[in-house]
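Beneath this line is the structure, given in structure tokens, with notes to follow.
Proteins come first, then strands; the chains are lettered A, B, ... in the order of their sequence lines, and each starts at number 1.
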Amino acid sequence: KNQVEQSPQSLIILEGKNCTLQCNYTVSPFSNLRWYKQDTGRGPVSLTIMTFSENTKSNGRYTATLDADTKQSSLHITASQLSDSASYICVVSDRGSTLGRLYFGRGTQLTVWP
Amino acid sequence: EADIYQTPRYLVIGTGKKITLECSQTMGHDKMYWYQQDPGMELHLIHYSYGVNSTEKGDLSSESTVSRIRTEHFPLTLESARPSHTSQYLCASSGNRSTDTQYFGPGTRLTVL
């Protein structure tokens, strides 16, 4: 069964600190992996996308890594800001259909305190 | 900022009412999607479309229906709302490549009393 598991479920950090969010998946055949940021009451916004051949991708203070062999990804946030408080969702796409079906994790709820 | 819009943002209605959630995008995307999301849970695909006059059901069974008469417009309709339909509904669109990003609208928070 294709699944995406994220950890931790929630995380509280102080402003300025770094943190790392984890994503494990069993989706096969793998096409690509995305990290989305979803603010409360809003739709998700794409942060990074990585294909099979990419093992790291950065977007400002966000750096995603991918290990396609172990089917693991991480999202590292550097020098956190209050505006980073949101849910971070790992999304994996398969290449077994023309739709490019997306499998969503439940997200990690990050809270940044001043 | 993605050019995809949803109205209304919030809707509170009584059981048995017919409702239509609007979604429109100005990016010329062929693919459009509707997702349902409960608090703290993952998004579930309920409908999608490859283009005009194309509609398909997603992974999660839903009593809602959709139509795609114009490329930019993908409304979702509930003929008779029930409390079990209370949820957040997110519309998205993307280009045709599997690596194209899905752009999401702000969502409609539906509450059925």
Given heavy-atom pairs under 4.5 angstrom as the criterion, report whether the side chain, backbone, both or neither of Leu43(B) touches chain A. both

Measure distances from Arg9(B) to the heavy atoms of chain A and classify the residue's part below 4.5 Å as side chain, backbone, both or neither. side chain

Would a single hydrophobic cluster contain both [Y] and [X], if residues Ile, Leu, Val, Met, Phe, Trp and Tyr are joined by side-chain heavy-atom contacts under 4.5 Å?
X	Y	value
Met50(A)	Val91(A)	no
Tyr88(A)	Trp113(A)	no
Trp35(A)	Tyr25(A)	yes
Val92(A)	Val45(A)	no
Leu21(B)	Tyr33(B)	no

For Leu82(A), does the CG atom have more than 12 heavy-atom neighbours from other residues, nucleotides or ligands under 6.0 Å away? yes

In Å and rounded to the nearest 0.5 Å, what is the OH to CG distance from Tyr35(B) to Leu102(A)? 4.5 Å

Gap between atom OH of Tyr36(A) and atom CZ of Phe104(B) - 0.5 Å precision: 5.0 Å

Please look at Thr40(A) and chain B and tell me whether the side chain, the backbone, both or neither of the residue comes under 4.5 angstrom of a heavy atom of that chain. neither

Name the region of Tyr103(A), side chain, backbone, both or neither, that has any atom closer than 4.5 Å to a heavy atom of chain B. neither

Within residues 73-88 of chain B, which positions have a heavy-atom distance to chain A below 4.5 Å? Gln88(B)

Looking at every heavy atom in both Gly43(A) and Leu90(B), which two are closest together, and how far apart are they? CA-CD2, 3.7 Å

Please assess Gln38(A) against Gln37(B) for the test side-chain contact (heavy atoms from CB on, under 4.5 Å), listing each intermediate value before the final yes or no. CA-CA 12 Å; Gln38(A) 185 176 22; Gln37(B) 184 183 30; 3.0 Å; yes

Answer key: most heavy-atom pairs under 4.5 Å with chain B among Pro44(A), Gly107(A), Ser10(A) is Pro44(A)

